[in-house]
Colleague: 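Next up is a structure, given as structure tokens.
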Amino acid sequence: MLAPMIHKFGDDRSRYNLECHIAYAPELDGDQVLACFEQRLAIVRAWQLFQERYPVIILPVSAQLPFRFDQDQEDADVVCALLDAQRPLLAVPALGFPSVVVPTGTAEGVPVGVQVIAGRFREDVCLAVAELIEARASKLTPIDPRD
């Protein structure tokens with residue numbers, strides 16, 4: 001829904017990044033969309049069963065350290081790699097599970113954290129666990145994102 005506004009008001013780099021994101025996700029016809037919903041329901045069910053035994057899941061936020069400023073505007077291959085690295089972060093809300101990201105310190109001079117995921121409709125669990133992690137995390141220091 002934002003694409004028309006980005007095309008109208010965005011700069012060249014914003015438009016380019018949008019096009020890379022659109023190219024990343026294939027266009028689907030109606031039957032393919034329904035098949036995706038069916039697959040999503042199966043994944044949600046399996047995840048819910050898993051979370052009956054493990055009510056909290058802690059994952060990395062990303063499969064790689066935070067990206068350099070403007071890295072998402074370099075070229076299509078870089079954008080695809082960045083999106084692939086974000087799969088742990090992108091999949092959870094698409095499945096309808098609550099999650100929260102908690103900063104835990106820095107690695108190689110950039111901020112890092114963990115993603116806390118709980119069962120459906122258990123935002124209270126996410127926030128309680130996030131509070132425990134945050135209370136024990138190293139002291140955070142501001143960074144300049146352009147460095």
Side-chain angles (χ1 to χ4, degrees), residues 1-6 9-11 13-26 28 32-147:
M1 292 176 53
L2 289 175
M5 292 294 129
I6 293 172
F9 298 109
D11 61 12
R13 295 176 83 173
S14 298
R15 287 190 290 274
Y16 175 74
N17 184 268
L18 173 66
E19 294 308 316
C20 289
H21 276 75
I22 290 170
Y24 183 80
L28 305 174
Q32 292 169 316
V33 169
L34 290 175
C36 287
F37 277 120
E38 181 180 345
Q39 184 178 17
R40 179 184 175 273
L41 286 173
I43 293 169
V44 167
R45 183 178 187 285
W47 199 313
Q48 285 176 299
L49 291 172
F50 180 80
Q51 286 203 278
E52 286 179 11
R53 183 165 182 183
Y54 303 99
V56 175
I57 300 170
I58 299 175
L59 294 175
V61 176
S62 174
Q64 67 184 59
L65 288 174
F67 318 123
R68 291 182 321 278
F69 182 75
D70 279 351
Q71 186 176 356
D72 63 335
Q73 298 176 357
E74 290 178 8
D75 65 45
D77 290 337
V78 171
V79 172
C80 283
L82 298 180
L83 289 171
D84 284 344
Q86 296 301 303
R87 287 183 181 187
L89 187 63
L90 298 172
V92 176
L95 295 172
F97 289 90
S99 67
V100 62
V101 171
V102 184
T104 56
T106 59
E108 298 178 23
V110 295
V112 294
V114 295
Q115 179 181 190
V116 178
I117 305 163
R120 293 188 84 175
F121 312 110
R122 295 309 313 259
E123 287 82 356
D124 60 320
V125 172
C126 272
L127 295 173
V129 172
E131 185 176 34
L132 291 171
I133 294 170
E134 188 175 46
R136 288 159 180 80
S138 62
K139 183 177 178 183
L140 301 178
T141 56
I143 62 156
D144 183 344
R146 295 178 189 257
D147 284 344

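Below, each value reflects all heavy atoms present in this structure, side chains not excepted, and no hydrogens, waters or symmetry copies.
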Colleague: Output all residues satisfying ring-ring contact (aromatic ring centres under 6.0 Å, His included) with Tyr54, sequence neighbours left out; order by chain, then residue number.
Modeller: Phe50
Colleague: Are more than 12 heavy atoms from other residues, nucleotides or ligands located less than 6.0 Å from atom CD of Glu131?
Modeller: no
Colleague: For Ala85 and Ser62, which heavy atoms make the closest approach, and how far apart are they?
Modeller: O-OG, 3.3 Å
Colleague: For Ile133 and Val102, which heavy atoms make the closest approach, and how far apart are they?
Modeller: CG2-CG1, 3.9 Å
Colleague: Within this structure, what is the CG-CG distance for the pair Leu132 and Leu127, rounded to the nearest 0.5 Å?
Modeller: 11.0 Å
Colleague: Using the ring pair (Phe, Tyr, Trp, His ring centres under 6.0 Å) rule, collect all pairs that involve residues 79-99, keeping only residues at least two apart or in two chains.
Modeller: Trp47-Phe97
Colleague: Might you point out which heavy atoms bring Arg120 and Val44 nearest each other, and give the distance in Å?
Modeller: NH1-CG1, 3.3 Å
Colleague: Could you tell me the separation between the CG atom of Leu41 and the SG atom of Cys36, rounded to the nearest 0.5 Å?
Modeller: 11.5 Å
Colleague: Restricting to non-hydrogen atoms, name the atom on Val112 and the atom on Leu65 that form the minimum distance, rounded to 0.1 Å.
Modeller: CG1-CD2, 3.6 Å
Colleague: Would you say that Leu90 contacts Arg87 through its side chain, given a criterion of any heavy-atom pair below 4.5 Å between the two side chains?
Modeller: no
Colleague: Identify the heavy atoms of Pro60 and Pro88 that sit nearest to each other, and give their distance.
Modeller: O-CB, 3.8 Å
Colleague: Ignoring hydrogens and angles, tell me if any N or O in the side chain of Gln51 forms a donor-acceptor pair with the backbone of Pro55 under 3.5 Å.
Modeller: yes
Colleague: With sequence neighbours left out, what residues match Ala118 under side-chain contact (heavy atoms from CB on, under 4.5 Å)?
Modeller: Pro98, Arg122, Val125, Cys126
Colleague: Do Gln115 side-chain atoms and Val100 backbone N/O form a donor-acceptor pair below 3.5 Å?
Modeller: no
Colleague: With a 4.5 Å cut-off on side-chain heavy atoms, are Ser14 and Asp11 touching?
Modeller: yes
Colleague: Please report the interatomic distance CE(Met5) to CG(Leu18), rounded to the nearest 0.5 Å.
Modeller: 12.5 Å
Colleague: Can you name the nearest heavy-atom pair linking Leu89 to Pro93, along with the distance?
Modeller: O-CD, 3.2 Å
Colleague: If I take atom CG from residue Asp84 and atom CD from residue Gln86, how far apart are they, to the nearest 0.5 angstrom?
Modeller: 10.0 Å
Colleague: With no hydrogens and no angle check, is any side-chain donor or acceptor of Thr104 less than 3.5 Å from a backbone partner on Ala137?
Modeller: no
Colleague: Listed by chain and number, what are the side-chain hydrogen bond (donor to acceptor under 3.5 Å, both in side chains) partners of Arg40, not counting sequence neighbours?
Modeller: none
Colleague: Contact between Ile43 and Leu95 at the side-chain level, heavy atoms closer than 4.5 Å - yes or no?
Modeller: yes
Colleague: Under the side-chain contact (heavy atoms from CB on, under 4.5 Å) rule, collect the residues that match up with Ala91, sequence neighbours excluded.
Modeller: none
Colleague: Can you list the residues that meet the side-chain contact (heavy atoms from CB on, under 4.5 Å) rule with Ala46, with sequence neighbours excluded?
Modeller: none
